[in-house]
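Below you'll find the structure, written out as structure tokens, and then a few comments.
Residues take their numbers from the sequence shown, with the count starting at 1.
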Amino acid sequence: GTNAAELKALTNTVSNAWVAFAKTGNPNVAGQMNWPAYTPETKAIFVIDEKPHLMPKERLADLDLLASLPRKA
């Protein structure tokens, strides 16, 4: 589970990203995260959790598969 220190760090990361995004249109904060711009080619999906990271390419393939499934009307 997440302890209080980890929760505080995660809260700070999310808050700082929102503030940076509101000010500049870019959520990156030096020393906290490097979220490259999303493009159809890179599909840079950022996962903000205890250890923020870009979504692994294997998971992106799973998402592509899910997106390709027929949807109910």
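Counting only heavy atoms from C-beta outward, the side chains of T42 and P36 never approach each other to under 4.5 Å. Proximity of V47 to R59: side-chain heavy atoms (C-beta onward) are nowhere separated by under 4.5 Å.
Interatomic distance, CG of L7 versus CG of N12, reported as 9.5 Å (0.5 Å rounding). If you take CG on D49 and CD on E6, they are separated by 10.5 Å, rounding to the nearest 0.5 Å.
Between A67 and R71, the closest heavy-atom pair is O-NH2, 4.2 Å. Looking at every heavy atom in both residues, N16 comes nearest to V29 through O-CG2, 3.5 Å. For the pair N28 and A20, the tightest heavy-atom approach, listed with the atom from each and the gap, is O-CB, 3.8 Å. The two residues A44 and W35 come nearest to each other via the heavy atoms O-NE1, 3.0 Å.
Placement of W18 and I45 in two distinct hydrophobic clusters is found when ILVMFWY residues are connected by side-chain heavy-atom separations under 4.5 Å, directly or transitively. In the hydrophobic cluster analysis, where Ile, Leu, Val, Met, Phe, Trp and Tyr join through side-chain heavy atoms closer than 4.5 angstrom, I48 is grouped apart from V19.
The number of heavy-atom neighbours closer than 6.0 Å to OH of Y38, taken from other residues, nucleotides and ligands shown, is above 12.
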Practice prompt. Carefully, step by step, assess L63 and K43 under the rule side-chain contact (heavy atoms from CB on, under 4.5 Å).
Written response: CA-CA 10 Å; L63 293 178; K43 297 181 182 176; over 6 Å; no

